[in-house]
Amino acid sequence: MEVKPAWWKESVVYQVYWRSFRDTDGDGIGDLKGVIEKLDYIQSLGVTMVWINPFNESPDKDNGYDVSDYYAVMNKAGTMEDFDLLVAQTHARGMKLMMDVVVNHTSDRHPWFMESRSSASNPKRDWYIWQDGKDGEPPTNWRSYFNPSSWELDKATGQYYMHSFAIEQPDLNWANKEMRYELYKMLRFWLDKGVDGLRLDALALLAKPKLLTDVENPRDIRYLMHNPGLHEYLQEMNHEVFRHYDMMTVGEIAFATPETGPLFVDEERQELNTLFHFEVADEMPEWDMLRFKRIQRLWAEALAGRGFGSQFLNNHDHTRQVSRFGNDQEYRVESAKLLGMMIHTLPGIPYIYQGEEIGMTGVRYDTIGDYKDIAMLNKYVEEIGKGGDPAAVFRALQPLSRDNSRTPMQWNDGPNAGFGSEEPWIKINPNYTEINVQQAESDPNSVLSFYRKLTALRKSNPVMVYGDFTDISGEDPHLYVYVREYEGSEWIVLLNHSNESSTFTFSETYFGNDLIHLELELVLGTYEQTADSWSCEKRSMELRAHEGRIYKVVS
Ligand code: GLC
């Protein structure tokens, strides 16, 4: 089906978790100046857009996702001048800047909330969600992401306020029009400063359940999301803000499915450009090839001709992809390249999370005291409160802790891995002596060099952006083989997600009679030596452990 070209569809996004990227002022926390300092490096990756995590004023209970002033830059991050310079310097290098905005909730220290909680008759009371309790208990049995209840009693007025995340992150009441328009004004403020893209946090939660009733299984928090009214809010936001700018929007849409996802990005509906769904990152704890293929196929079918998707396997909330979905031991480099090749050749916009391009791995700190992630720390307290054995709870929480991907960027093997002059806010992964940018720069076969090839390829091959997608690997549990096709150019991507070699046999089912004279030319391989041509007599192709190859069909 025909896809309309647009610059944002051709994006390769690099996500910068600035507090763990580069610290220039020696406070142990990364900063905007650090991002500016590394813009040449970011540009050298061949990416087109830089997404920076929230840097607005915040008490930092949830690393900036608890905003107390939407119009100010957090001291730790720097100043408004730094931000303006970041925009200018990013643009000067031909890249765009994407900001992360949190509009589902604020910090409990935001003046709006302080006013709202000050009395039941305050004009801002209705900007948040207040409810009476039920017989001395919270209004409903709903959970929050980070706590056993999504309600917190506020003694001053005797009512409960709702929070989908931490207690310090009260949810805004999107049913209040005045509040919504205040947020739109804020978005325009940043877009007028030259921001080119918005990553919109926790969007699925904006509209709240209409009925205040208990749910059967509070742990399955889907009831908090995708409630009636959500799409009207997004259409209004688009109408009031997005359509007035040449920009890109990506929504964080938890629990989006191939049925509901297209509603957010269908070009006719004028809501968002693209979305993150979490059927892999949240819902598939370990690599499961058949499940992954199914997810990709269903989404590709659902979005075809309607809207544009996004591809990622890790971010600041999800463990490093090479550790979670690859093999970070004997095949670290190979599997990091394989996963990269997959993300950059599947349909949708590819995102690179800082450090992924050098194959950074997850971390296992020794004690709970080394961890900073509020989601993990709250869960730890909750499980122990229920009688869990501390050591067992700790071990169980480690693999998926959000801190796995929040360790400082590994620039070199020197002091603090080149992150800064002082000890960082969170411990460095001890493997920085081997895994770091400096080492990767000096190795033509590094993950880094490979990522540069991937991004360069996209620039000159629209088939990677706009090509149709057909999975031709069936139910093979290790091999993922698919075809991308666009305006006469046809690519075949073969990926062997396995510690063993695997053989793929080309069949007539897809190629029909063309199989007899099918000729392939290698475009890119993850291994150093790859036979550079293939001819139809062989019919099959052997791939080594974690090997990936892209071929062009030449006849
Ligand atoms: C999003 C963010 C996450 C944050 C949460 C609450 O999921 O990515 O880091 O904790 O929203 O704002």
Side-chain angles (χ1 to χ4, degrees), residues 14-45 47 50-93 95 97-102 107 109 190 193-195 199 316 353-355 357-358 360 363 365 369-374 402-403 405-430 432-433 436-438 441:
Y14 187 71
Q15 184 189 351
V16 177
Y17 197 65
W18 55 267
R19 72 185 60 225
S20 298
F21 198 55
R22 162 84 182 132
D23 170 22
T24 59
D25 60 2
D27 63 355
I29 304 165
D31 40 54
L32 299 183
K33 280 206 175 84
V35 185
I36 297 171
E37 189 189 296
K38 295 294 184 185
L39 279 175
D40 287 338
Y41 168 75
I42 297 174
Q43 183 189 24
S44 81
L45 300 174
V47 302
V50 186
W51 152 21
I52 30 174
N53 284 91
F55 54 81
N56 293 132
E57 191 58 70
S58 162
D60 239 4
K61 292 284 174 199
D62 185 23
N63 290 4
Y65 284 92
D66 47 326
V67 175
S68 56
D69 183 350
Y70 284 113
Y71 292 90
V73 175
M74 193 189 302
N75 281 337
K76 292 174 188 168
T79 62
M80 194 60 96
E81 287 70 49
D82 296 342
F83 178 76
D84 290 335
L85 191 61
L86 175 63
V87 175
Q89 291 291 318
T90 305
H91 289 167
R93 287 166 180 78
M95 297 184 293
L97 192 76
M98 176 182 276
M99 206 176 139
D100 199 325
V101 285
V102 193
S107 158
R109 311 314 306 253
W190 292 101
K193 273 185 166 294
V195 166
R199 180 266 188 193
H316 64 293
Y353 176 65
Q354 68 179 46
E357 75 278 16
I358 55 166
M360 274 177 66
V363 76
Y365 295 133
D370 293 328
Y371 286 86
K372 312 286 178 199
D373 169 20
I374 186 171
R402 301 193 297 178
D403 288 336
S405 54
R406 297 178 177 185
T407 61
M409 181 73 182
Q410 296 166 199
W411 295 105
N412 56 46
D413 61 3
N416 303 316
F419 170 71
S421 59
E422 302 302 317
E423 199 187 318
W425 67 278
I426 189 165
K427 283 191 174 165
I428 296 171
N429 192 319
Y432 76 96
T433 49
N436 59 65
V437 173
Q438 195 177 38
E441 290 282 10

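Basis for what follows: all heavy atoms, side chains included, without hydrogens, waters or symmetry-related copies.
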J.: Could you tell me whether the side chain of Glu57 and the main chain of Ala72 form a donor-acceptor pair under 3.5 Å?
T.: no
J.: For the pair Arg402 and Asp62, find out whether any cationic side-chain nitrogen is under 4.0 Å from an anionic carboxylate oxygen.
T.: yes
J.: Return the orientation label for the Trp411 and Tyr41 ring planes: parallel under 30°, perpendicular over 60°, tilted otherwise.
T.: perpendicular
J.: Could you check if a side-chain atom of Ile426 sits within less than 4.5 angstrom of a side-chain atom of Tyr365, using non-hydrogen atoms only?
T.: yes
J.: Report yes if the side chains of Met99 and Phe55 come closer than 4.5 Å at any heavy-atom pair, otherwise no.
T.: yes
J.: Does the distance from a Lys or Arg side-chain N to an Asp or Glu carboxylate O, for Asp66 and Lys61, drop under 4.0 Å?
T.: no
J.: Is the closest basic N to carboxylate O distance between Asp403 and Lys372 below 4.0 Å?
T.: no
J.: Do the side chain of Arg22 and the main chain of Gly418 share a donor and acceptor less than 3.5 angstrom apart?
T.: yes
J.: With side chains defined as the heavy atoms from C-beta onward, is the minimum distance between Asp82 and Asp31 less than 4.5 Å?
T.: no
J.: Between Val101 and Tyr70, is a side chain to side chain contact (heavy atoms under 4.5 Å, CB included) present by the stated rule, with each step listed?
T.: CA-CA 9 Å; Val101 285; Tyr70 284 113; over 6 Å; no
J.: How long is the span from the OH atom in Tyr14 to the CE atom in Met98, to the nearest 0.5 Å?
T.: 15.5 Å
J.: If we ignore hydrogens and angles and just use 3.5 Å, is the side chain of Trp18 paired with the main-chain N or O of Ile29 as donor and acceptor?
T.: no
J.: Is the shortest side-chain heavy-atom distance between Leu86 and Ile36 below 4.5 Å?
T.: yes
J.: Please test Asp60 against Lys76 for side chain to side chain contact (heavy atoms under 4.5 Å, CB included), starting from the C-alpha separation and ending with a verdict.
T.: CA-CA 10 Å; Asp60 239 4; Lys76 292 174 188 168; 2.5 Å; yes
J.: Evaluate the criterion side chain to side chain contact (heavy atoms under 4.5 Å, CB included) for residue pair Ile42 and Arg93; output intermediate values, then yes/no.
T.: CA-CA 10 Å; Ile42 297 174; Arg93 287 166 180 78; over 6 Å; no
J.: After noting the C-alpha distance and the side-chain angles of Val35 and Gln89, does the key distance pass the side chain to side chain contact (heavy atoms under 4.5 Å, CB included) rule?
T.: CA-CA 10 Å; Val35 185; Gln89 291 291 318; over 6 Å; no
J.: Here's a test for you: under side-chain contact (heavy atoms from CB on, under 4.5 Å), which of Leu97, Val87, Val195 qualifies with Trp190?
T.: Val195
J.: What distance separates Glu423 CD from Asp23 CG, expressed to the nearest 0.5 Å?
T.: 12.0 Å
J.: Taking the side chain as every heavy atom from C-beta outward, state whether Asn63 and His316 have any pair of such atoms under 4.5 Å apart.
T.: no
J.: Does CD in Glu37 sit with more than 12 non-hydrogen atoms of other residues, nucleotides or ligands closer than 6.0 Å?
T.: yes
J.: Would you indicate whether the side-chain heavy atoms of Trp425 and Ser20 approach each other to under 4.5 Å?
T.: yes
J.: Taking the side chain as every heavy atom from C-beta outward, state whether Asn416 and Pro424 have any atom pair closer than 4.5 Å.
T.: yes
J.: Return the OG1 to CD1 distance between Thr433 and Ile428, rounded to the nearest 0.5 Å.
T.: 11.0 Å
J.: List the atom of Ser421, the atom of Gly26, and the distance in Å for their closest heavy-atom pair.
T.: OG-CA, 3.8 Å
J.: Met74 and Asn56: which non-hydrogen atoms are nearest, and at how many Å?
T.: CE-O, 3.2 Å
J.: Work out which heavy atom in Pro59 is nearest to a heavy atom in Ser107; give both atom names and the distance.
T.: CG-OG, 3.3 Å
J.: What is the distance from atom OG1 of Thr24 to atom CZ of Phe419, rounded to the nearest 0.5 Å?
T.: 9.5 Å
J.: At their closest point, which heavy atom of Ala417 faces which heavy atom of Tyr432, and how far apart are they?
T.: CB-CD1, 3.5 Å
J.: Nearest 0.5 angstrom please: Asp100 CG to Ile52 CD1, how far?
T.: 9.0 Å
J.: What's the spacing between Arg109 CZ and Asp69 CG if we round to 0.5 Å?
T.: 13.5 Å
J.: Give me the atom names and distance for the closest heavy-atom approach of Phe21 to Gly34.
T.: CD2-O, 4.5 Å
J.: Return the minimal non-hydrogen interatomic distance between Val363 and Thr407, and the atom names on each side.
T.: CG1-CG2, 3.8 Å
J.: Going by atom types only, do Gln15 and Asn53 share a side-chain donor-acceptor pair under 3.5 Å?
T.: yes
J.: Counting neighbours of NZ on Lys38 that are heavy atoms of other residues, nucleotides or ligands and sit closer than 6.0 Å, is the number greater than 12?
T.: yes
J.: Could you check if a side-chain atom of Gln438 sits within less than 4.5 angstrom of a side-chain atom of Asp413, using non-hydrogen atoms only?
T.: yes
